[in-house]
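First comes the structure, then the notes that go with it.
Basis for what follows: all heavy atoms, side chains included, without hydrogens, waters or symmetry-related copies. Since the structure is predicted, the reported quantities are computational estimates derived from the model, not experimental observations.
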Amino acid sequence: MAKYTTNDSRDLLKRLRETMAEDAGGQARLDHIVEIVSSSMDSEVCSIYLRRDRLTLELCATQGLNKAAVHQTRMRIGEGLVGRVAKTAQPVNAENATQTKGFRYMPETGEEFFNSFAGIPIQRMGEVLGVLVVQDRKARKYSDDDVYALEVVAMVIAEMKELGAFIGDGEAMSAPHKRAHMLTGGIAQEGSAQGVVLLHDPKIVVSNLIADDPEEEITRLTDAMDQLRLSVDDLLSTNRIGGGKEQTDILKAYQMLANSKGWMARLEASINSGLTAELAVEKEQSSTRARMARVPDPYLRERLQDLDDLSNRLLRLLTGQGRNPSDAIPDNAILIARNIGPAELLEYGKKLKAVVLEEGSVGSHAAIIARAWAIPMLIHATHITREALNGDPILVDGEQGIIHLRPTDEVRIAFQDKLAMLTKAQQKYAKIRDIPAKTLDGTKIKLQMNAGLLVDLPSLENSGAEGVGLFRTELLFLMRNAVPKRDELAQTYGHVMDSAKGKPVTFRTLDIGSDKVASYMNPMDEPNPAMGWRAIRLGLDKQGVMKMQLQALIRGAQGRSLRIMFPFIAQFNEFRDARELFFKVLENEKKIGHTIPSEIKIGAMLETPSLAFAPDQFFEQCDFISIGGNDLKQFFYAADRENERVRKRYDTLNVSYLSFIELIAERCNVHGTPVSFCGEDAGKPIEALCFAAMGLRELSMRPASIGPVKNILLKTDLNEARNVINEARKSGAQSVRDHLVEWLQNKN
Ligand code: PEP
Ligand code: MG
């Protein structure tokens with residue numbers, strides 16, 4: 001069989017373009033396409049199968065098979081080789097089809113004679129609409145060029161306007177990007193929002209596929225390449241990811257790729273075969289991705305990833321689609337992403353109305369930022385990045401975990417009613433904002449808020465929080481491209497205290513390390529980052545940044561009282577050493593003439609079960625303890641807080657966990673060590689009530705939770721709640737939740 005050449009491909013594309021320009025109906029066009037493909041590829045059969053509905057494919061045009069089978073032969077998606085292509089959205093290229101897994105004999109088409117088979121999915125924006133097939137009697141291995149030519153034809157078919165008439169009732173054609181669509185997700189942060197889609201990494205849609213004039217396309221490509229190189233040079237000159245040699249090397253490799261002659265030559269060859277510049281880039285990108293999946297060497301894989309990133313940039317330049325980091329964020333933007341890290345999320349700023357992720361987890365730091373910003377965040381919204389397009393109207397219901405994409409008027413109106421009801425609840429909480437959280441039996445519970453950025457501080461007044469129980473200092477570090485300077489930090493800490501207007505602020509020293517990596521840190525390749533070299537472990541081993549932060553905290557206090565706590569203390573000596581380091585720094589600050597704080601309280605976060613069993617001396621030396629329930633729970637149950645599959649298995653109200661909280665409260669009580677709870681569970685009303693019943697008198701939570709938590713506490717007698725919990729424990733229940741919920745329902 002003659003090898004298929006660039007000229008053949010050009011000829012095929014030219015004839016295809018002519019067919020598309022003809023004034024013909026959909027069926028005639030499909031018939032023409034199969035004819036053209038079969039003749040220019042010199043293959044005996046070319047067929048087009050299209051999706052009838054979600055489950056079935058139908059033969060819609062053929063050259064070479066029995067024509068009477070057209071619109072008669074159907075198969076289920078997944079059935080036979082054609083069904084396999086549709087199901088997996090992957091091409092199948094089989095020299096000996098009858099021996100290939102999945103082959104199904106279809107007598108009506110007479111295909112038992114055909115040994116060779118190549119099937120290509122016809123896809124539009126990730127949705128499989130059908131399958132394009134070529135077959136031959138002789139054993140024939142279709143070359144990469146053959147397969148590529150078929151891919152281009154499949155792309156052209158996918159763009160045919162008349163295709164809707166063939167596919168079910170046409171519904172599939174408007175899907176997934178026109179009709180209203182409802183998705184569900186897990187709730188990482190409650191709340192509701194209405195807005196427009198902003199894709200974090202928008203998929204670039206190449207709809208301009210075949211070009212008349214290769215020279216013009218090469219000029220377009222060369223211009224875009226020039227712009228790309230300039231932007232990479234700019235990146236290197238400003239070195240936005242930090243100054244280290246390693247980072248510069250990475251950027252240099254990136255720059256080298258942008259100048260790669262081989263890459264350019266491959267793109268030019270594709271253009272010469274009749275493709276537009278953007279399709280040539282996309283084709284090259286697909287093969288890079290395929291290679292990426294096969295390359296075991298991590299260095300090489302990274303280079304291929306760089307090439308993938310460069311291709312995306314180039315596609316953005318050629319199509320004018322996509323978003324550059326400097327682009328303005330639209331009003332009411334709701335960010336949609338596969339996943340997002342804390343630094344990337346912070347870059348968008350507080351303007352976002354909500355975040356919806358395809359992956360993500362409740363315990364992630366991105367979720368914590370969403371909480372700090374009090375914007376709803378939903379996770380595990382399957383296929384949202386595929387369904388949503390930039391600018392689509394979207395409603396996020398963070399109470400029910402529902403997302404309405406391109407909602408109908410009815411849904412939109414009902415949603416707006418719901419928003420109005422939520423506002424009413426907020427008004428109710430506003431009324432109790434200034435009264436203390438005292439339970440019916442007279443127990444006062446101190447409610448504080450969690451914060452991490454200066455912009456969070458206004459919530460102190462709005463929510464009625466009595467102070468900041470946890471100030472996550474790492475957020476400021478994660479937002480930056482370089483370690484913040486001491487003076488700047490001191491100034492920020494000073495502003496935080498100013499904004500707190502005398503209310504206490506508990507600063508947690510840097511909880512940074514393997515699970516929270518700033519862009520300027522060397523990536524750490526640890527198998528279990530959450531249990532790795534992080535927080536105080538890193539702070540004690542590499543004291544430079546920790547000392548600098550302690551100095552900044554002392555200076556920021558400007559003679560006021562200072563509360564700091566060390567994260568992730570697992571044993572007494574870590575606390576003792578960190579505390580000693582603080583006093584050494586303090587001594588030095590005094591020596592060089594800085595005002596020292598009027599009062600100093602140094603606490604520890606209890607985030608590992610081991611610390612609950614620390615020697616008495618720890619509890620005596622520690623000025624206060626804050627239970628970091630997010631980490632504590634994951635280590636108590638050995639269930640990764642970021643892994644949705646295991647995280648949900650264990651209820652916070654499980655009797656073992658509550659008994660453990662009670663034990664901590666008792667140990668602290670014996671030593672007179674104040675103890676609070678600052679993990680996310682403190683912000684859930686029933687959980688908060690149980691913690692109070694277990695003996696905790698201080699809770700710190702996101703500001704929006706203070707109203708609902710206070711509301712339940714005001715209406716509850718802690719002795720009664722404790723009795724219910726004890727009854728549940730005696731009953732052998734695993735969790736006290738059901739008993740408690742029933743009691744609360746009957747009470748009201
Ligand atoms: C915690 O672990 O509960 C905590 C407050 O710390 P972070 O969530 O920042 O790890
Ligand atoms: Mg923690």
*Test of ring centre spacing under 6.0 Å for Tyr650 and Tyr657*: no
*Report yes or no: is the cationic atom of Arg649 (NZ for Lys, CZ for Arg) closer than 6.0 Å to the six-membered ring centre of Tyr637, at no more than 45° off its axis?*
no
*Would you call Arg645 and Asp640 a salt bridge, using N to O less than 4.0 angstrom?*
no
*Does atom CD of Gln416 have more than 12 heavy-atom neighbours, drawn from other residues, nucleotides or ligands, at distances under 6.0 Å?*
yes
*Do we get Arg563 above Phe507's six-membered ring, with its NZ or CZ under 6.0 Å from the centre and within 45° of the axis?*
no
*Under 3.5 Å, is there a donor-acceptor pair between the side chain of Lys710 and the main chain of Ile435?*
yes
*Could you walk me through whether Lys351 and Asp331 pass the salt bridge (charged side-chain N to carboxylate O under 4.0 Å, His left out) check?*
CA-CA 8 Å; Lys351 222 181 143 195; Asp331 283 339; 3.4 Å; yes
*Taking it one step at a time, do Thr473 and Gln549 satisfy side chain to side chain donor-acceptor pair (under 3.5 Å)?*
CA-CA 9 Å; Thr473 60; Gln549 189 184 28; 2.9 Å; yes
*Can you list the steps and then say if Asp631 with Arg534 is a salt bridge (charged side-chain N to carboxylate O under 4.0 Å, His left out)?*
CA-CA 12 Å; Asp631 275 315; Arg534 59 175 274 205; 3.0 Å; yes
_Walk me through whether Asp397 and Gln400 qualify under side chain to side chain donor-acceptor pair (under 3.5 Å)._
CA-CA 6 Å; Asp397 180 342; Gln400 314 265 357; 4.6 Å; no
*Carefully, step by step, assess Asp498 and Lys501 under the rule salt bridge (charged side-chain N to carboxylate O under 4.0 Å, His left out).*
CA-CA 5 Å; Asp498 296 344; Lys501 297 186 186 140; over 6 Å; no
*Thr652 and Glu687: CA distance, side-chain angles, deciding distance, side chain to side chain donor-acceptor pair (under 3.5 Å) verdict*: CA-CA 7 Å; Thr652 304; Glu687 279 77 347; 4.7 Å; no
*Step by step, work out the salt bridge (charged side-chain N to carboxylate O under 4.0 Å, His left out) result for Lys418 and Glu399.*
CA-CA 10 Å; Lys418 193 181 150 136; Glu399 316 299 325; over 6 Å; no
*Indicate whether any N or O donor in one side chain lies under 3.5 Å from an N or O acceptor in the other, for Glu488 and Tyr493.*
no
